[in-house]
Amino acid sequence: MADRQVITGGLVLSDPAAGAHPADIVVEGDSIRGIAPPGSVADAKPVKAVNRLIIPGLINAHTHGHGGLAKGIGDRWSLELLLNAGPWINGGRRSEDRYLSTLLSAVEMVRKGCTACYDLSFMLPVPTMQDLHAVAQAYVDAGMRAVIAPMIADRSFYQAIPGLLDAFPPELRALADAMRSAAPEAILTPIRDAAARWSYSSDHIRLGIAPTIPLHCSDDFMQACRNLAVEFALPLQTHLAESPVQRAAAQRRYGTTLTAHLHRIGLLGPGFSGAHAVWIDDSEIDLLVRYGGTLAHNPGSNLRLGNGIADMRRAISAGVTIGVGTDGSSSADNQNMFEATRLAAFLSRVFDRAPAEWIGAAEALQLATEGSAAVLGMAGRIGRIAAGYKADLVFLDTNHVNLVPLNNAVQQVVNTEDGMAVREVMIGGRFVLRDGELPGLDWPGIVQRARDAATRLAATNAAARAVADRLAPVVDHFCVGLGLCAHDLPRRLPAAAPRD
Ligand SMILES: [Zn+2]
């Protein structure tokens, strides 16, 4: 049978709680048909996996493909300084730039053992069908599975934070105030058209919708996004209480928490996911449990942007489903799901709790596979090596130093592996990484195009960068002060008083 393969000779990690065992995996078409004792399947094309540990593909619950051209651009930036820099980091892009940026992110994810992602793709001021196709084509060319959610807003960053515009001196205020979003209909109509005509299969390249940050969206706009999500069964993701500034600004704008506000306007529900959720309290966790919604935990990005440490054990214990993400490369600055998974485990240990309550290796791996699958709306279809699941498999070289000796497969995958032992990646029954190469991609050509695009975009966005540099000191000062109002939650360590 041409489309029936048996992956034979390897160790298989089919259940993080049970560890890895010698087994064969029968693949039919794009799916796993079953797990069989070694050497017991005769009627299938053999695929040798000697010296391989086979794990389920890691799933990135929150990223931004548009960050691929922007890795390493910022350093000591808070989230708000990053948003202030957004117009020059992400501006002036052609469809070709969106394709290249997303392709760079996708290639990095695949090389580092990730087989599916939730991509909140920058589509300001307005999404276009051409740009959506460019982003989708990048995932098709890399062979990856993805949710592509156009990231949109009907307010600028400067309008989003109450009081920020008034903090600028008049000349700078005019510059900030001049940056406006497009009209809601102009933003939403192309998404409606795309949803109505989406031609990719929903378990390969799925359309989503991402009103970027609630404060950046009017209530009417958020509700219109929700209505589109309901009408076309699109997953909806937003950045939820990522920074202390957002928690404090929500109190000022809405008089309540972000999650309570989202509940009040009808956004919570089964297709809803919130990214980051560092600055949510117990009442918000309760709302997520009662009304539905998952969270994408981005521990590396939260550290890089100084947003603090999300207390995911508290949310998990209450019953919230959690996935793991890297965030985009302009705020992370890599697409390494092994690193994100390890950080999810290790950072659970900074809270003052007994080791039994820490996130362990098996649980971290489960979050980064099945947990993330739920965030993508693909639970039960990806994230596990089991009959009926898609054949999304990562093959690790057991002769690589990371796995020698192989004392404990699950603990070494989470606590040791960094992507260096990844040798092959199969997505939907097809090898998309083999012998260190992504077949079908002209990598030298992509390198040259990416460098050329970066050079051109730096010139195109030079004026926007100069404006952002002038606005940055006020943004920084205002937001540091506003963020202090949210320090009712223990998410950052208090600094010791200065020595006298
Ligand atoms: Zn993000």
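One-based numbering, in listed order, for ligands and for the atoms of each.
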Checklist entry - Using a distance-only test with no angle check, is there a side-chain donor-acceptor pair under 3.5 angstrom linking D281 and S283? => result yes
Item to check | Name of the residue among N84, L172, V480 meeting side chain to side chain contact (heavy atoms under 4.5 Å, CB included) with V475 | outcome: N84
Checklist entry - Does E242 put an N, O or S atom under 2.8 Å from the Zn ion (ligand 1)? => result no
Checklist entry - Is H276 close enough to the Zn ion (ligand 1) to have an N, O or S atom under 2.8 Å? => result no
Checklist entry - What N/O/S atom of D327 gets nearest to the Zn ion (ligand 1)? => result OD1
Item to check | Aromatic ring proximity, centroids under 6.0 angstrom, H62 and H276 | outcome: yes
Checklist outcome for this item: Angle subtended at the Zn ion (ligand 1) by H62 NE2 and H239 NE2, to the nearest 10 degrees, is 100°
Item to check | L367 side, atom CG; H297 side, atom NE2 - distance, nearest 0.5 Å | outcome: 8.0 Å
